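Source: prediction; values computed, not measured.
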Amino acid sequence: MVAGELVQEHLRADAGAPDDITVSRKRPEPEGAAGRHAELTYEAARRAEDAETEQDTEKEAPPPDEREAMLPNGERGGGEAEEEEEEQTLQTRLYLRRFAVLTVFSLYSLVNAFQWIQYSIITNVFMRYYGVSSDKVDWLSIVYMVTYVPLIFPATWLLDRKGLRLTALLGSGLNCAGAWLKCASVSPDLFGVTVTAQVICSVAQVFILGLPSRIASVWFGPREVSTACATAVLGNQLGTAIGFLLPPVLVPNTPEDVELTGHNISIMFYGTAAVSTGLFLLTVIVVKDRPPLPPSQAQAVLPDSPPEDYSYKQSIINLIKNKAFVLLLVTYGIMTGSFYSVSTLLNQMIMACYENQELNAGRIGLTLVVAGMVGSILCGLWLDHTKTYKMTTLIVYSLSFLGMVVFTFTLDLDNIYLVFLTAGALGFFMTGYLPLGFEFGVEITYPESEGTSSGLLNAFAQIFGIIFTLIQGKLTTDYKPLAGNLFLCAWMFLGILLTALIKSELKRHNVNVAADGKHLSTLPTDCPPDQKTNGVKLAPSVSFSRETSL
């Protein structure tokens with residue numbers, strides 16, 4: 001009966017209490033040892049329940065670190081503030097001004113290249129007008145190469161120390177000054193004045209040729225840097241193309257009328273001077289050293305100005321100790337020197353095989369360079385998409401060699417239209433190689449200055465250009481164009497073999513990859529022990545892995 005009353009009381013208590021609330025109810029007084037045991041069991045259960053409640057409350061309360069993180073920015077600890085400052089330091093952004101800087105540079109580079117080739121493509125006209133031999137007219141082109149070699153080191157030092165703007169102003173300003181001095185040389189007895197003017201233009205070139213990779217790196221993002229470099233080089237190529245096209249049209253061969261020839265030369269010189277002046281003013285307005293925020297992580301980790309312990313001499317030493325870069329110096333010099341030689345001697349080669357074809361000689365040169373412009377842009381886009389620098393460089397080098405062989409053996413087949421076709425194929429690959437060499441050099445020498453690596457590449461290009469032009473010119477004059485072209489073919493084949501030996505380490509690209517995808521763990525986390533950064537402190541996560549194929 002007692003048991004029945006307990007069951008009924010239990011049912012009544014459960015029916016009147018909600019499910020989620022613990023209800024205290026009066027229990028019957030325990031009797032004896034069994035009652036005391038039941039009371040102890042109930043108290044233990046109640047204490048355990050209270051302990052669980054306290055644990056849940058502690059779990060809901062945020063830990064001290066999390067409560068500190070909830071405080072306003074001004075109340076945070078020092079560690080969080082430092083991390084925030086670091087994130088702000090590595091912030092990147094792309095500015096529309098970069099396109100204006102690239103356009104202005106490309107245009108005044110175009111005018112400088114036009115002034116380089118404007119004599120050579122109408123060699124016979126200037127020979128008659130000034131009464132000089134062909135080799136003296138050739139030197140008006142070769143002087144561009146001779147001047148570059150000794151001046152490249154002070155020019156790259158100036159670029160590293162004083163920045164992009166001053167270097168660009170010197171290049172554009174000297175180019176303008178040389179163009180105006182040429183206007184004063186229009187007289188048969190003033191050949192020395194036109195030589196002086198051409199020397200000034202050649203000095204301007206020293207402050208121009210090394211800037212494409214610098215402008216691309218400082219102003220453009222990692223997905224457009226190779227295309228930007230190719231576009232900057234494109235301006236110089238377009239100037240060469242216009243230099244092949246316009247002089248034969250503006251200054252036709254009129255040996256019977258010296259005054260008319262002088263008038264035509266004057267029109268060409270004054271037009272060039274006027275354009276150069278406008279571009280110099282645009283350079284003053286548009287070109288800046290760098291944007292307010294860097295365009296890529298590879299630029300963000302570098303200082304805005306050279307560190308206190310930076311040494312230009314040490315930078316040169318680092319580049320010379322880089323075996324891959326030394327091989328690139330030689331191969332780039334061979335390819336670009338061959339292009340300079342072919343461009344300088346194109347008029348003589350065409351005139352030796354086809355009489356009275358001055359206009360077509362200029363058009364063939366135009367075809368060669370315009371096809372190369374297309375090749376440059378395509379190669380730049382390909383590099384931005386694939387980052388396969390060595391593979392692309394080796395393929396383009398090999399195809400340039402094949403193009404040179406075909407051009408050599410089809411030049412004297414008495415079919416000038418075939419020469420247009422072969423010259424276009426040669427220019428597509430040979431000129432398309434130029435931005436590849438620049439960008440490849442920057443990748444394997446990072447974090448050294450882009451201006452220094454590009455300057456050394458151009459210096460070797462000028463040295464090989466001088467040697468190749470003199471030797472090929474001598475072979476073309478004493479024998480036939482076939483002998484001179486075979487000489488270039490042999491050197492270009494050697495360039496292919498040396499290119500295959502280059503070990504590709506995409507240092508700049510891997511910095512951007514490590515920053516954009518921190519989850520990647522396939523790259524080594526430490527810099528090579530022999531990597532000297534010359535005062536530039538890189539984060540421990542910077543990695544230098546070798547290039548992989550597609």
Considering all heavy atoms, the nearest [X]-[Y] contact:
X    : Y    : value
L164 : D289 : N-OD1, 3.0 Å
I502 : L327 : CG1-CB, 3.7 Å
A461 : Y332 : CB-CE2, 4.0 Å
D412 : C353 : CB-SG, 4.1 Å
V111 : S276 : CG1-OG, 3.2 Å
V149 : I152 : O-CG2, 3.1 Å

Next on the checklist: Is there a side chain to side chain donor-acceptor pair (under 3.5 Å) between Y108 and N175? Walk through the geometry before answering.
Outcome noted: CA-CA 8 Å; Y108 77 73; N175 190 58; over 6 Å; no
Distance-only, no hydrogens or angles: does the [X] side chain make a donor-acceptor pair with backbone N or O of [Y] under 3.5 Å?
X    : Y    : answer
S185 : K182 : yes
K162 : T167 : no
Q198 : Q115 : yes
S341 : S338 : no
T469 : I466 : no
T331 : L328 : yes
R98  : F220 : no
T476 : G484 : no
N236 : A113 : no
Q237 : V369 : no

Next on the checklist: Looking at F99, I want to see if its CZ is surrounded by more than 12 non-hydrogen atoms of other residues, nucleotides or ligands under 6.0 Å.
Outcome noted: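 It does: F99 CZ has more than 12 such atoms within range.
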Using 0.5 Å steps for rounding, measure from the [atom1] atom of [X] to the [atom2] atom of [Y].
X    : Y    : atom1 : atom2 : answer
T408 : F487 : OG1   : CZ    : 12.5 Å
F244 : I121 : CZ    : CD1   : 5.0 Å
I208 : S172 : CD1   : OG    : 7.5 Å
F269 : N264 : CZ    : CG    : 11.5 Å
T272 : I267 : OG1   : CD1   : 11.5 Å
I265 : L250 : CD1   : CG    : 11.0 Å

Would you say that [X] contacts [Y] through its side chain, given a criterion of any heavy-atom pair below 4.5 Å between the two side chains?
X    : Y    : answer
F339 : L368 : yes
I364 : I416 : yes
M430 : M492 : yes
P247 : F114 : yes
F325 : L456 : yes
M349 : L346 : yes
M127 : K136 : no
I463 : M145 : no

Flag the pair [X] / [Y] as yes when their ring centroid distance falls below 6.0 Å, and as no otherwise.
X    : Y    : answer
F105 : W219 : no
Y433 : Y397 : yes
F126 : F191 : no

Please check if any side-chain donor atom of [X] sits under 3.5 Å from a side-chain acceptor atom of [Y], or the reverse.
X    : Y    : answer
Q348 : D138 : yes
T261 : T254 : yes
Y354 : N360 : no
S141 : W116 : yes

Checklist entry - After noting the C-alpha distance and the side-chain angles of I117 and S120, does the key distance pass the side chain to side chain contact (heavy atoms under 4.5 Å, CB included) rule? => result CA-CA 5 Å; I117 206 66; S120 297; 4.2 Å; yes
Checklist entry - What orientation do F468 and W491 show, parallel under 30°, tilted 30 to 60°, or perpendicular over 60°? => result tilted
Next on the checklist: Evaluate T194 against Y119 for side chain to side chain donor-acceptor pair (under 3.5 Å), listing each step before the verdict.
Outcome noted: CA-CA 10 Å; T194 203; Y119 292 100; 2.5 Å; yes
Next on the checklist: Evaluate Y144 against N112 for side chain to side chain contact (heavy atoms under 4.5 Å, CB included), listing each step before the verdict.
Outcome noted: CA-CA 10 Å; Y144 262 61; N112 184 260; 3.5 Å; yes
Item to check | Worked check of side chain to side chain contact (heavy atoms under 4.5 Å, CB included) between L279 and L282 | outcome: CA-CA 5 Å; L279 290 173; L282 285 176; 4.3 Å; yes
Next on the checklist: I'd like to know whether N485 forms a side chain to side chain donor-acceptor pair (under 3.5 Å) with Q472, so could you lay out the CA-CA distance, the side-chain angles of the two residues, the decisive distance to 0.1 Å, and finally the verdict.
Outcome noted: CA-CA 7 Å; N485 288 333; Q472 187 186 11; 2.9 Å; yes
Checklist entry - N253 and R128: side chain to side chain contact (heavy atoms under 4.5 Å, CB included), yes or no, with the steps? => result CA-CA 9 Å; N253 189 14; R128 292 191 183 97; 3.3 Å; yes
